[in-house]
Amino acid sequence: MHHALILQSELPDALQRNEFVLHYQPIMDVSDGRVTGHEALLRWRDRRGVLHDPAAFIRNAEETGLIVPIGHWVLEQAMHHAVACNQAQPAGQAIAVHVNLSASQLRLSELPGQLRQLLERTGARAEWIVLEITEDALQPDMDASIRSLSALRGAGTRIAINSFGSGQSSLSHLGIMPFDMIKTDRSFVKTMGTHGHTQDILRLIADLGQQLGKDVIIEGVETQAEQHRLTALGFRYMQGFHIGRPA
C-alpha cells in the first residue's frame, strides 16, 4: 500500500520528468511471416529506475485525468515510431502502429483535430496508425462513441475493436460501428485447450471477420501449437509472446 501511494504521488510529474517509455510488440501475418504492425505499450520507469507495467498506474491516471496528456504523448511517440519503421519499407508493405485509446480520450471532441496536427507534425501517414478501442470504452453512450469513431476515421486512421468478446457491447452494433479490425481478447487462446466451446467460438469470430470484411487479430498466442491450431481455425494475424515479446 505504501508503495502504491508513493507511485500515485509521483505520477503527476512523471511526464514532465520524461519517465514514460513505449515498448512495441509485433503483429504478424503468419501466412508469410511478415510483421504487419507493432502495438505501442506504455511503461513507466520511475525515478528509482523501476519499470512499471500499466496495471500499476493506469487506473490512477484515468481517475485523475492524467490519462489525457499521457495519451497525447503516446500518440506522438508512436507516430515517430511509425515514420522510422516505414522509411525503408517496400511499397504496399507498410508497418502499422497500434495505439490504445482510453474512454476519456474517446470523449474528447478535439481529438480528431489533435490527431491531424500530430500527423502533420511527425510526418506520419494516417493509414500507418491504428487506434485500438476496447468494447467497454464504447459504453455507456454507444451513439456518441460511434460519432467519435467516425470522426477519427475521417482523419484517415484505422480503428480496431480491442478485447473483442470480453465486453458488453451488442453484436448488433457491429453492423453500424465504424471500424476496420477486430482484435480478440487473449482469454480465448488461454482457455482454448481447457474449455470445450472456446475453439468453436474462435471459429465463429474468424468467420464473422471474413463476412464483415474486417481483419481479425488473435491476441495471446504463446506457443507454436497454438499458432497451428489458430491457423487451422482461419486466423491470419497474430500477436503474443510466441510471435514476439514487447521490446
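Within 6.0 Å of the CD atom in Glu110, the count of heavy atoms belonging to other residues, nucleotides or ligands exceeds 12. Atom CD of Gln210 has 12 or fewer neighbouring heavy atoms from other residues, nucleotides or ligands inside a 6.0 Å radius.
Counting heavy atoms from C-beta outward, Thr157 and Val99 have side chains that stay 4.5 Å or more apart. At a threshold of 4.5 Å between non-hydrogen side-chain atoms, the residues Pro12 and Thr64 do not count as touching. The side-chain heavy atoms of His242 and Glu226, taken from C-beta on, include no pair separated by under 4.5 Å. The shortest side-chain heavy-atom distance between Leu106 and Ser145 falls under the 4.5 Å cut-off. The side-chain heavy atoms of Gln89 and Ile95, taken from C-beta on, include a pair separated by under 4.5 Å. Between Leu75 and Leu111, some side-chain heavy-atom pair lies under the 4.5 Å cut-off. Residues Leu115 and Leu131 form a side-chain contact, since some pair of their non-hydrogen atoms from C-beta on lies under 4.5 Å apart. The shortest distance between side-chain heavy atoms of Ile243 and Tyr237 does not fall below 4.5 Å.
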Checklist entry - Can you list the steps and then say if Asn100 with Ile58 is a side-chain contact (heavy atoms from CB on, under 4.5 Å)? => result CA-CA 12 Å; Asn100 293 281; Ile58 282 295; over 6 Å; no
Checklist entry - So Val216 and Phe164, side-chain contact (heavy atoms from CB on, under 4.5 Å) or not? Walk me through it. => result CA-CA 10 Å; Val216 180; Phe164 181 78; over 6 Å; no
Next on the checklist: Thr122 vs Glu76, test: side-chain contact (heavy atoms from CB on, under 4.5 Å). Steps then yes/no.
Outcome noted: CA-CA 7 Å; Thr122 61; Glu76 184 168 8; 4.1 Å; yes
Item to check | His228 and Gln224: CA distance, side-chain angles, deciding distance, side-chain hydrogen bond (donor to acceptor under 3.5 Å, both in side chains) verdict | outcome: CA-CA 6 Å; His228 286 323; Gln224 184 71 44; 3.1 Å; yes
Item to check | side-chain contact (heavy atoms from CB on, under 4.5 Å) between Leu230 and Phe188, intermediate numbers included | outcome: CA-CA 11 Å; Leu230 292 163; Phe188 286 116; over 6 Å; no
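A donor-acceptor contact shorter than 3.5 Å is absent between the side chain of Glu127 and the backbone of Gly156.
If you run side-chain hydrogen bond (donor to acceptor under 3.5 Å, both in side chains) between His38 and each of His23, Gln239, His81, His98, only His81 comes through. Each of Arg158, Arg153, Lys214 was checked for a salt bridge (charged side-chain N to carboxylate O under 4.0 Å, His left out) with Asp180, and the lone residue meeting it is Arg153.
In plain terms, the two heavy atoms of Val30 and Phe235 that are nearest each other are CG2-O, 4.1 Å. For Ala155 against Leu119, the heavy-atom pair with the smallest separation is O-CD1, 4.2 Å. Listed here is the closest heavy atom pair of Pro112 and Leu108: CD-O, 4.1 Å. The two residues Tyr24 and Ala78 come nearest to each other via the heavy atoms OH-CA, 3.8 Å. Nearest heavy atom pair, residue Val189 against residue Gly220, reads CG1-O, 3.4 Å. Residues Arg48 and Asp46 come closest through the heavy atom pair N-OD1, 2.8 Å.
Transitive grouping of hydrophobic side chains (ILVMFWY, heavy atoms separated by less than 4.5 Å) brings Val68 and Phe57 into a common cluster. A continuous path of hydrophobic side-chain contacts links Ile67 to Leu11 [ILVMFWY only; heavy atoms under 4.5 Å]. Hydrophobic clustering (side-chain heavy atoms under 4.5 Å, transitive across Ile, Leu, Val, Met, Phe, Trp, Tyr) groups Ile133 together with Leu208. Leu149 is not connected to Val130 by any chain of hydrophobic side-chain contacts under 4.5 Å among Ile, Leu, Val, Met, Phe, Trp and Tyr, and they are in different clusters. Note: the hydrophobic cluster containing Phe20 also contains Leu118 (ILVMFWY, side chain heavy atoms under 4.5 Å, direct or indirect links).
The structure places CD1 of Ile161 at 9.0 Å from OG1 of Thr134, a figure rounded to the nearest 0.5 Å. Between the CD atom in Gln199 and the CZ atom in Arg229 there is a gap of 4.5 Å [rounded to 0.5 Å]. Rounded to the nearest 0.5 Å, atoms OG (Ser102) and CZ (Arg107) are 7.5 Å apart. Atom-to-atom distance recorded for Ile205:CD1 and Ile218:CD1 is 6.5 Å, nearest 0.5 angstrom. Lys190 contributes atom NZ, which lies 11.0 Å from atom CD of Glu219 (distance to the nearest 0.5 angstrom). Note that the CG atom of Asn60 and the CD atom of Glu62 stand 9.5 Å from one another [nearest 0.5 Å].
A salt bridge links Arg59 and Glu63; the closest N-O separation between the charged side-chain nitrogens and carboxylate oxygens is under 4.0 Å. Remark: Arg43 engages Asp53 in a salt bridge, criterion side-chain N to carboxylate O under 4.0 Å.
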